[in-house]
Visitor: 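After the structure tokens below, expect a handful of questions from me.
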Amino acid sequence: NAGVTQTPKFRILKIGQSMTLQCTQDMNHNYMYWYRQDPGMGLKLIYYSVGAGITDKGEVPNGYNVSRSTTEDFPLRLELAAPSQTSVYFCASSYNGEDDGYTFGSGTRLTVV
Amino acid sequence: QQQVKQSPQSLIVQKGGISIINCAYENTAFDYFPWYQQFPGKGPALLIAIRPDVSEKKEGRFTISFNKSAKQFSLHIMDSQPGDSATYFCAASRGAGTALIFGKGTTLSVSS
């Protein structure tokens, strides 16, 4: 099993550009999440999904969009990139949302210049 | 508003010592409290978790202590080893249909 796969691993964007961070899991997990990690700030929830076709906002959704058309994929879209979106982005998935824990991807390091 | 407050921000412990990391929460609707471990360049991984109906849970050298009345929980790492050097995050959630809220993290360095 590959687990949770995130692409790309690194990306440099110019201010105002857009991009999609890809996330796919092969564990048939119902729940998927996007977090961003900034130094000393922990992990902040951007969006999450409890199943295909269902998404919900987290703590810091502004400037981002998501979709969940399949169980496997949960892409994160950045529109009009800003320097404040410079961060490491982690995608995670979970079978039941709690006791089995979250499986995290290896992250995407994004720099907006 | 920080829903899960974690301390200290960094911690240095000698090999063989006890590492203690503390977390506090405000929302009494939280009913699941995990700890995650993260090594540089990797995503976090579940270490140990507890629910409010028990006061302590132990797995190997790792123990969670939970104080429901004080709304606090802590991670104890016994006989700390250099391989335990990592960033540790506490977290909390309100149920399976919600998502984990993480603390800011504690960077642990175990010196040999």
Side-chain angles (χ1 to χ4, degrees), chain A residues 2-7 9-10 21 23 25 27 29-51 54-61 66 68 74 76 87-109, chain B residues 1-11 21-25 27 29-54 57 59 62 64 86-108:
Chain A
V4 177
T5 302
Q6 290 184 239
T7 56
K9 294 190 181 303
F10 304 93
L21 280 66
C23 176
Q25 53 92 7
M27 297 170 286
H29 284 173
N30 294 317
Y31 298 80
M32 296 189 74
Y33 315 86
W34 275 105
Y35 288 88
R36 59 176 288 174
Q37 183 175 23
D38 301 299
M41 298 302 294
L43 293 146
K44 297 284 189 184
L45 179 68
I46 305 172
Y47 272 95
Y48 68 103
S49 169
V50 299
I54 305 170
T55 62
D56 210 345
K57 295 179 180 179
E59 302 171 81
V60 290
V66 294
R68 185 94 183 271
F74 191 40
L76 178 71
S87 187
V88 179
Y89 291 83
F90 285 101
C91 178
S93 72
S94 172
Y95 180 70
N96 67 4
E98 286 192 338
D99 295 309
D100 63 329
Y102 289 12
T103 299
F104 281 84
S106 57
T108 293
R109 183 175 294 275
Chain B
Q1 180 184 359
Q2 189 180 352
Q3 296 195 53
V4 180
K5 294 183 179 180
Q6 183 172 346
S7 63
Q9 184 175 358
S10 63
L11 183 61
I21 305 170
N22 302 298
C23 279
Y25 63 96
N27 191 341
F30 287 146
D31 68 353
Y32 176 68
F33 303 89
W35 286 89
Y36 278 75
Q37 180 187 55
Q38 183 182 32
F39 293 104
K42 303 290 186 183
L46 178 66
L47 189 61
I48 187 172
I50 198 168
R51 291 195 179 273
D53 53 345
V54 297
K57 183 174 182 180
E59 290 185 2
F62 301 91
I64 299 180
T87 300
Y88 293 82
F89 294 96
C90 63
S93 70
R94 293 181 285 113
T98 64
L100 286 173
I101 304 298
F102 285 86
K104 291 187 175 183
T106 297
T107 301
L108 170 65

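Every chain is numbered from 1 and lettered A, B, ... according to where its sequence line falls, protein lines coming before strand lines.
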Visitor: Counting only heavy atoms closer than 4.5 Å, note whether B:Gln38 contacts chain A via side chain, backbone, both or neither.
Guide: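 Just its side chain gets close to chain A.
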
Visitor: Within a radius of less than 6.0 Å around OH of A:Tyr95, do more than 12 heavy atoms belonging to other residues, nucleotides or ligands occur?
Guide: no

Visitor: With a 4.5 angstrom heavy-atom cut-off, which part of A:Leu45 approaches chain B: side chain, backbone, both or neither?
Guide: side chain

Visitor: Between A:Val50, A:Leu43, A:Thr103, who has the most heavy-atom pairs with chain B when the cutoff is under 4.5 Å?
Guide: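 Looking at each option in turn, the highest pair count goes to A:Leu43.
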
Visitor: Between B:Ala99 and chain A, with a heavy-atom cut-off of 4.5 Å, which part of the residue counts as in contact: side chain, backbone, both or neither?
Guide: both

Visitor: Please identify, among A:Phe90, A:Tyr33, A:Tyr102, the residue contributing the most non-hydrogen atom pairs under 4.5 Å to chain B.
Guide: A:Tyr102

Visitor: When only pairs under 4.5 Å are counted, which of B:Thr107, B:Leu46, B:Val4 shares the most heavy-atom pairs with chain A?
Guide: B:Leu46

Visitor: Less than 4.5 Å apart, any side-chain heavy atom of B:Pro34 and any of B:Leu100?
Guide: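 They are in side-chain contact.
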
Visitor: Have B:Ser7 and B:Asn22 got a donor and an acceptor in their side chains that come within less than 3.5 Å?
Guide: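 Side chains of B:Ser7 and B:Asn22: no pair found under 3.5 Å.
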
Visitor: Taking the six-membered ring for Trp, are A:Tyr35 and A:Phe104 parallel (under 30°), tilted (30 to 60°) or perpendicular (over 60°)?
Guide: tilted

Visitor: So which of B:Gly95, B:Pro44, B:Ser10 has the biggest tally of heavy-atom pairs under 4.5 Å with chain A?
Guide: B:Pro44

Visitor: Treating A:Gln37 as the side-chain partner and B:Gly43 as the backbone partner, does any N or O pair qualify as donor plus acceptor under 3.5 Å?
Guide: no

Visitor: For B:Gln9, is the CD atom crowded, meaning more than 12 foreign heavy atoms sit under 6.0 Å from it?
Guide: no

